[in-house]
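To start, the structure itself, in structure tokens.
Remember, it's 1-based here, ligands and their atoms both numbered in the order they're listed.
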Amino acid sequence: MTGLARKLKAIIESEGPIPFDRYMQLCLGDPEFGYYITRDPFGADGDFTTAPEISQMFGELVGLWAAETWSRQKINGPVRLVELGPGRGTLMADALRACRVAPDFLAAVEEICLVETSPILREKQELKLQGRGVNIRWCESVADIPPGPAIFIANEFFDALPVRHFIRVDEGWCEKLVGVDEDGNFFPGLTAEPEQLIRAEAPVGAILEICATGHKLAAAISARIVRQGGAALIIDYGHVETAYGETVQALRRHVAADPLTDPGESDITAHVDFASLARAAAASGAVAYGPITQADFLNRLGVVQRAKALRASGNPVQAANVDQELRRLTSTDPEIGAGGRMVPGMGDLFKVIAIQPSDAPTPPGFEPDAADPDQ
Ligand code: SAH
């Protein structure tokens with residue numbers, strides 16, 4: 001039994017079965033045994049990979065997005081560049097390198113704030129970013145970021161926030177709980193009393209996942225941007241409209257795993273409900289742009305041209321790698337996913353939204369396509 005399994009068993013034995021979101025939160029973020037707290041999960045030897053780990057082009061374009069957004073908004077005085085869940089620090093390193101072409105922006109960046117709870121990943125970020133001539137502050141949460149204009153970046157962060165999981169029954173919605181048997185095996189259960197507060201209408205058996213943490217965080221960031229200036233760019237896999245269905249998945253060594261087996265040893269994520277994030281932004285008085293697909297976003301920012309430049313500067317092997325990276329980031333063709341099922345290509349599965357004050361000009365990548373009158 002893992003250390004976290006023993007801890008969870010003790011909690012459930014004393015308090016009774018726990019809601020799924022609490023289980024997920026402990027699996028990922030338990031200060032002693034949590035998945036992210038105890039390891040570096042990325043890369044071929046790890047459990048999963050992410051866009052900045054696939055290609056330097058991703059972080060470079062996100063960095064240029066931040067610089068151009070800052071310039072379009074004509075933000076005066078110092079600004080903070082904030083990243084939520086920076087992983088190995090790769091995106092930020094690529095972003096800062098690319099921003100050398102925007103020295104005014106770099107000069108205005110007073111501080112890089114990295115919101116990160118994992119001590120192991122904080123160390124990796126420090127190593128990756130040292131000697132770049134920028135001040136770095138690590139924060140436990142968004143609330144710890146000093147006041148002032150800030151540009152927020154979050155890639156594959158919201159999908160790691162815990163979701164409550166409900167199933168529709170005749171009289172309302174029952175919440176998924178996690179219990180434990182005598183042998184220490186975790187099993188799913190349901191609350192006895194259906195929840196009456198959820199108003200959504202759906203057929204019996206429908207599953208609804210609610211990420212209250214993500215909604216509240218998007219609201220807090222939006223409210224801050226409205227009051228103090230700045231913008232947010234959120235990139236993640238997820239759906240455009242609030243939808244029914246189970247999306248929680250666990251990954252271990254790039255293969256689908258059971259979230260209830262060996263807690264703390266696999267990455268657990270859920271699709272991000274972009275409609276909920278956009279509602280949170282609007283309710284806070286901000287404007288949400290998108291969601292658009294990652295493919296559209298990167299293409300509009302010039303990923304093809306960037307790939308061409310990289311291809312020209314490298315040897316034939318490097319050139320072939322650039323082609324492959326470009327395909328992985330922007331492909332909309334279905335591919336075989338971790339569970340052996342067909343999933344949309346990354347360019348389609350991943351979505352992007354931007355949040356800004358209502359009087360700010362449209363951020364790069366979100367301009368209506370002149371060729372497409374429907375957008
Ligand atoms: N953005 C990176 C890493 C994504 S993985 C990339 O694209 O490669 C999720 C990241 O969020 C990890 O760095 C993890 O440690 C961090 N994280 C997860 N939950 C968190 C939380 N509640 N608060 C702060 N950081 C968190």
Could you check Leu4, Val178, Leu260, Thr2 and say which one makes a side chain to side chain contact (heavy atoms under 4.5 Å, CB included) with Cys27?
Leu4

Taking 4.0 angstrom as the limit, do Glu265 and Arg39 come out as a salt bridge?
yes

Check whether NZ of the Lys or CZ of the Arg Lys351 lies under 6.0 Å from the centre of the six-membered ring of Phe274 and within 45 degrees of that ring's axis.
no

Taking 4.0 angstrom as the limit and counting only heavy atoms of Ser118, give me the atoms of ligand 1 inside it, by number and element.
15 (O)

Just to check, does Thr117 reach to within less than 4.0 Å of ligand 1 when the distance is taken from its heavy atoms?
yes

Do Tyr35 and Asp30 have side-chain atoms, one donor and one acceptor, less than 3.5 Å apart?
no

Do ligand 1 and Phe42 have nitrogen or oxygen atoms that lie under 3.5 Å from each other?
no

Taking atom 11 (O) of ligand 1 as the reference point, the nearest protein heavy atom with its distance
Gly85 CA, 3.1 Å

May I ask you to decide if Arg88's main-chain N or O and Asp40's side chain share a donor-acceptor pair within less than 3.5 Å?
no

Side chain or backbone of Asn155 under 4.0 Å from ligand 1, or both, or neither, by non-hydrogen atoms?
both

Near Pro52 (heavy-atom distance under 4.0 Å), the atoms of ligand 1 are 6 (C), 7 (O), 8 (O)

Lys/Arg N to Asp/Glu carboxylate O, Arg22 vs Glu15, below 4.0 Å
yes

Polar proximity ligand 1 side, Glu53 side, N/O cut 3.5 Å exclusive:
no

Nearest protein heavy atom to atom 4 (C) of ligand 1, by residue and atom, and its distance?
Glu156 O, 3.3 Å

At a 4.0 Å cut-off, with the gap strictly under it, does some heavy atom of Leu121 reach an atom of ligand 1?
yes

Could you work out, for atom 8 (O) of ligand 1, the closest of Thr213, Thr50, Leu161 by heavy-atom distance?
Thr50

I'd like to know if Glu209 pairs up with Arg164 as an ion pair, taking the criterion as any Lys NZ or Arg NE/NH1/NH2 lying under 4.0 Å from an Asp or Glu carboxylate oxygen.
no

Does an N or O anywhere in Glu116 fall below 3.5 Å from an N or O of ligand 1?
yes

Donor-acceptor under 3.5 Å (His215 side chain, Ser276 main chain):
yes

Would you tell me which option among Phe48, Phe158, Tyr36, Phe157 has the nearest heavy-atom contact to atom 20 (C) of ligand 1?
Phe157

Pairing of Asp262 and Arg252 as salt bridge, 4.0 angstrom limit:
yes

So is Gly29 in contact with ligand 1, going by heavy-atom distances below 4.0 Å?
no

